[in-house]
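Reviewing the structure listed below.
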2 protein chains.
Amino acid sequence: MAVVRRTREDWTAAALAALAEGGLAAVAVEPLAARAGATKGSVYWHFPTRDALVEATLLRWEHEHTEAVIAHAEQGATPVERLHRLISAVVRPERGVDVELALQSSLGDPLVAAAVARVGSRRMDYVVTLFTQLGFTRAQARRRAATAYSIYLGQAQLQRANPAVVPRTPAAKRAYVADVMLILLAQPDGDG
Amino acid sequence: MAVVRRTREDWTAAALAALAEGGLAAVAVEPLAARAGATKGSVYWHFPTRDALVEATLLRWEHEHTEAVIAHAEQGATPVERLHRLISAVVRPERGVDVELALQSSLGDPLVAAAVARVGSRRMDYVVTLFTQLGFTRAQARRRAATAYSIYLGQAQLQRANPAVVPRTPAAKRAYVADVMLILLAQPDGDG
DNA sequence: CGCCTTCCATACGGGACCGTATGGTTTGAC
DNA sequence: GTCAAACCATACGGTCCCGTATGGAAGGCG
């Protein structure tokens, strides 16, 4: 008889999956256990409370995916190339975007709000340095970074809420990314 | 004795308030009634079910606020001015943005998803016409509209999740809006 | 004033989930 | 093989919410 044993990581993995599918509310001890073919007893042995499970799950996501976007961008040689990779990552979403959106959808929870805030400012810092590398002044870089990150977030939402208005064919996506790049690199007004 | 009577509209109003504060989950019959100094009996007289209340609330929001942004923008004389009013509306948020975000946060619910989709495409249509009025080709207008709306959505999210990275002082806001305008009106590449 | 309709409070049953208690089974050390 | 620790199932009490049932008060109308 295959008597299965679960680790802490098994449960955070299951929680991540549930989070991606059904949002924070889906990270519920009993349904989670049932889906894993186990019972609450297991979960409550590994975690003192549901919040502890949520927190561990968020921490795991933070460690695994915070730097993911940045790391992917950093593979670009020039700043322009890095920005391009950054923008493309949203328009051509990979894995993990579901969790991203689910979290943005549960900012009511203080644990989630804290995690999202940490990740957000970390990313913003990166994009700001990117734009300073591109020759923008500090203030101007901050503005462009805010816009770039807004486009990132907004685009992610649009794909979920209004997939019809988002570019779908590869050609359309390429054209769209190109236009966003052109936009973000536009010469600013000369008043800092 | 001020024996209060509630109308259907009283309840959708209360639901809207709760929606803005606590998201869709806060639109719960019993808490809503308690907060209004009434009981479930009243709610369930006006609405057959909770979903009916939610649907009526969404419909009300849709009617009251879908066109609100557009109407506000339409007070601008030129297309550029209209776009400017549109962008400013996010950076300098008025009332109703809370509900907007709460809904975007509850796309899991099919009722919400439908309402948000309707409003979204309605707004996109408007922004597309705005960009065509500005002399962009149809394809290019669609791209810029998608970007503009993404900035709108993303900026709204940023204000909630990372208020630190968003321009705060009036001067900073003005500079930011100016830069976004400059960006959105940038001369596109000649192939679209 | 009587009466009917509109509106609402109270009371109840049910479901989903959290957290605790407790005892049983498996595992590894010796 | 013994034993303690690790792991988990079962069962329970509690909370919050949904929805129903039912009786009663409020307001118009004859």
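Naming convention: chains lettered A, B, ... in sequence-line order (proteins, then strands); numbering from 1 in each chain.
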Which residues pass the side-chain hydrogen bond (donor to acceptor under 3.5 Å, both in side chains) test with A:Tyr126, sequence neighbours left out?
->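 Testing A:Tyr126 for side-chain hydrogen bond (donor to acceptor under 3.5 Å, both in side chains), a comparison that skips the adjacent residues, returns A:Glu74.
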side-chain hydrogen bond (donor to acceptor under 3.5 Å, both in side chains) involving B:Glu30 - partner list, sequence neighbours excluded =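 Here the qualifying residues are B:Lys40.
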Choose from [options] the nucleotide whose nearest atom is closest to any side-chain atom of [X].
X       : options                : answer
A:Thr39 : C:dT10, D:dC8, D:dA9   : D:dA9
B:Trp45 : D:dA6, C:dT6, D:dC18   : C:dT6
B:Arg5  : C:dT20, D:dT20, C:dT6  : C:dT6
B:Ala28 : D:dC18, C:dA9, C:dT27  : D:dC18
B:Ser42 : D:dC8, C:dA9, D:dA9    : C:dA9
A:Arg6  : C:dT26, C:dC8, D:dA9   : D:dA9
A:Pro31 : D:dC18, D:dT10, C:dC17 : C:dC17

Ion pair present between B:Arg122 and B:Glu62, side-chain N to carboxylate O less than 4.0 angstrom?
->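 So B:Arg122 does not pair with B:Glu62 through a salt bridge.
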Quick one: ring-ring contact (aromatic ring centres under 6.0 Å, His included) pairs with a partner in residues 137-171 of chain A, sequence neighbours left out?
->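 Counting only pairs at least two positions apart or across chains, the ring-ring contact (aromatic ring centres under 6.0 Å, His included) contacts touching residues 137-171 of chain A are A:Tyr149-A:Tyr152.
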All pairs passing ring-ring contact (aromatic ring centres under 6.0 Å, His included) where residues 101-120 of chain B contributes a residue, at least two apart =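 Counting only pairs at least two positions apart or across chains, no ring-ring contact (aromatic ring centres under 6.0 Å, His included) contact touches residues 101-120 of chain B.
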Hey, does B:Arg50 reach any base, or is it just sugar-phosphate, or nothing, if we go heavy atoms under 4.0 Å?
->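 Sugar-phosphate contact only.
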Examine D:dA6: is either OP1 or OP2 under 4.0 Å from a nitrogen or oxygen in the side chain of A:His46? Give yes or no.
->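 Result: no.
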Grab the CZ-P distance between A:Arg35 and C:dA16 for me, whole Å please.
->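 Interatomic distance, CZ of A:Arg35 to P of C:dA16: 17 Å.
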What residues in residues 11-20 of chain B put a non-hydrogen atom under 4.0 Å from any atom of DNA chain C?
->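 Hits under 4.0 Å, by residue number: none.
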Between B:Arg6 and B:Ser42, is any side-chain donor less than 3.5 angstrom from a side-chain acceptor?
->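 No, no side-chain donor-acceptor pair sits under 3.5 Å.
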For B:Phe47, all residues meeting ring pair (Phe, Tyr, Trp, His ring centres under 6.0 Å), sequence neighbours excluded |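 B:Phe47: no ring pair (Phe, Tyr, Trp, His ring centres under 6.0 Å) contacts found.
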Answer yes or no: side-chain N or O of B:Glu30 and base N or O of D:dC16 forming a donor-acceptor pair under 3.5 Å.
->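 Absent.
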